[in-house]
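Worksheet: the structure to be examined is printed underneath.
What you see below is based on every heavy atom in this structure, not just the backbone, and it leaves out hydrogens, waters and symmetry mates.
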Amino acid sequence: MNGPQLNELPADCEQLVPYVSSLRRGALQAKELSAVRTFSDAFLIKFLRARDFDVELSLKLLLNYQRWRRESPEISSCLSPSSVLGLLNNAYHAVLPERDHTGSRVLIYRIGQWNPKDWSAFQVFRVSLMTSELISKETETQRRGLKAIFDLQGWSLSHALQITPSLARKISSVLTDSFPLKVRGIHLVNEPMFFRPVFAMIRPFLTDKIRQRIHMHGADFHDSLSDFFSPPVLPPEYGGEGPGIEEACQDWTNQLLQSEDLLQQIANHPTGDITTIPEDSLISEEVETKHISTG
């Protein structure tokens, strides 16, 4: 059975056990993860699905994810939706309620709603991470991936100045080889001429596969966007028949806020695998138990 066929199997299927065991063994033998005692099946399956059950590639992705979290604490250590509530309430970001015809999740980012005087690029990037962590827990999204639409109307020099080469590298890293999600397409609409230097900075860090999945639609995007997304999927503002963009943004903001505790647990966990208990938690539990039994 090949990778795509394995991807269709449920997480508790016995045919997946050897792949999960092999990835777990590789992860526990890795020098970078020598302090980790275990990984849950559900966590490992996210990485296996993202690489169609190629264990070697899945291990590389898992190690990259751990390295990225360690090296970017300014972004990864705070996944609190309420910390960027002003930005979210400004209808900056939505995960649309309808999946596209391939089953992919469809995300929209409205750059013009981001005021760089109020929100740093790091804070804005955290929004993407929060969403990525949540949707990567969905089995269908693990299988079908995501497509993102970036509406660059309102892009200005003050936005461009926020995107440093260092941040560009981190964004590219998450897009390509550091997060357990398949990026099936990136669509840019309303992109101005002076966005191109920023894109030129990000482009070298992207894989050929991701580069081929980037589509620039310009200001007259309704017809070309409809080649990729059917009318029920998109909001009317983007030529579709789905809920309006303001409503879609508010609905997703509500979902993020309802997941505040879960996201903070992921951010605080040593590996992000919140279905396992960190070793220091076990120690504190043992101390507490002894205290209770002797009290």
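- Contact between T271 and Y65 at its shortest, heavy atoms only, is O-CE2, 3.5 Å.
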Pair L6-L48, side chain to side chain contact (heavy atoms under 4.5 Å, CB included): steps then yes or no
CA-CA 10 Å; L6 289 166; L48 286 163; over 6 Å; no

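- Without hydrogens or angle criteria, S104 side chain to D100 main chain gives no donor-acceptor distance under 3.5 Å.
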Please report the C-alpha distance between D118 and L87 in whole Å, then the side-chain angles of each, then the deciding distance to 0.1 Å, and finally whether the side chain to side chain contact (heavy atoms under 4.5 Å, CB included) criterion is met.
CA-CA 9 Å; D118 298 330; L87 175 63; over 6 Å; no

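- Side-chain contact, Q255 with D251: no donor N or O sits under 3.5 Å from an acceptor N or O.
- Across all their heavy atoms, S80 and E260 have their closest contact at OG-OE2, 2.5 Å.
- The side-chain hydrogen bond (donor to acceptor under 3.5 Å, both in side chains) test applied to D208 returns R211, not counting sequence neighbours.
- Side-chain N or O atoms of T253 include one that pairs as donor or acceptor with a backbone N or O of C249 at under 3.5 Å.
- Between L256 and the choices L88, V95, L85, the side-chain contact (heavy atoms from CB on, under 4.5 Å) rule is met once, by L88.
- Contacts classified as ring-ring contact (aromatic ring centres under 6.0 Å, His included) and involving residues 94-114 (residues at least two apart or in different chains) are given here: Y92-Y109, H93-Y109, Y109-F150, W114-H159.
- The hydrophobic clustering, which links ILVMFWY residues whose side-chain heavy atoms are closer than 4.5 Å, places L28 and L44 together.
- Side chains of D41 and L16 form no contact here, defined as non-hydrogen atoms less than 4.5 Å apart.
- Using a cut-off of 4.0 Å between Lys/Arg side-chain N and Asp/Glu carboxylate O, D52 and K182 are scored as salt-bridged.
- I45 and V36 fall within a single hydrophobic cluster, where Ile, Leu, Val, Met, Phe, Trp and Tyr side chains are chained together by heavy-atom contacts under 4.5 Å.
- Residues A168 and M201 share a closest heavy-atom pair of CB-CG, 4.1 Å.
- Tracing side-chain contacts under 4.5 Å through hydrophobic residues (I, L, V, M, F, W, Y), one never reaches I108 starting from W252; they form parts of separate clusters.
- Looking at heavy atoms from C-beta onward, L262 lies in side-chain contact with I274 at the 4.5 angstrom threshold.
- Closest non-hydrogen pair, I111 versus L152, comes out as CG1-CD2, 3.6 Å.
- Shown here is E8, whose CD atom has more than 12 heavy atoms of other residues, nucleotides or ligands within 6.0 Å.
- Atoms CG and CD, from L257 and Q250 in turn, are 8.0 Å apart once rounded to the nearest 0.5 Å.
- Residues R67 and S178 have side chains that never bring a donor and an acceptor to within less than 3.5 angstrom of each other.
- For F221 and H187, the distance between ring centers is not under 6.0 angstrom.
- A donor-acceptor contact shorter than 3.5 Å is absent between the side chain of Q113 and the backbone of A91.
- Side-chain contact annotation: S166 with T164, donor-acceptor N/O pair under 3.5 Å absent.
- No donor-acceptor pair closer than 3.5 Å links the side chain of R143 to the backbone N or O of E138.
- Residue pairs satisfying the side-chain hydrogen bond (donor to acceptor under 3.5 Å, both in side chains) criterion with at least one member in residues 230-247, sequence neighbours excluded, are listed as follows: D151-Y238.
- Between I149 and L234, the closest side-chain pair of non-hydrogen atoms falls below 4.5 Å.
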Decide yes or no on side chain to side chain contact (heavy atoms under 4.5 Å, CB included) for R105 and T131, but give the supporting numbers first.
CA-CA 11 Å; R105 274 292 206 177; T131 287; over 6 Å; no

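- No side-chain heavy atom of V124 sits under 4.5 Å from any side-chain heavy atom of Q162.
- For D220, the CG atom is loosely surrounded, since the number of other residues' heavy atoms within 6.0 Å does not exceed 12.
- In this structure, the side chain of D273 does not engage the main chain of F43 through any donor-acceptor pair within 3.5 Å.
- Heavy atoms only, all atoms of each residue included: G26 and L59 are closest at C-CD1, 3.8 Å.
- A donor-acceptor pair under 3.5 Å is formed between the side chain of N7 and the backbone N or O of R49.
- Put simply, W155 and L188 are part of the same group of oily side chains (I, L, V, M, F, W, Y) that touch within less than 4.5 Å, one to the next.
- In this structure, F205 and S172 approach most closely via the heavy-atom pair CB-CB, 3.3 Å.
- Side-chain N or O atoms of Q264 include none that pairs as donor or acceptor with a backbone N or O of C78 at under 3.5 Å.
- One distance of note links CZ of R99 with CD of E140; it measures 5.0 Å at 0.5 Å rounding.
- Ion pair E74/K170 flagged as a salt bridge, since at least one NZ, NE, NH1 or NH2 atom sits closer than 4.0 Å to an Asp/Glu carboxylate oxygen.
- A salt bridge does not link R70 to E32: none of the charged side-chain nitrogens sits closer than 4.0 Å to a carboxylate oxygen.
- Hydrophobic clustering, with ILVMFWY side chains joined whenever heavy atoms are under 4.5 angstrom apart, groups F125 together with L107.
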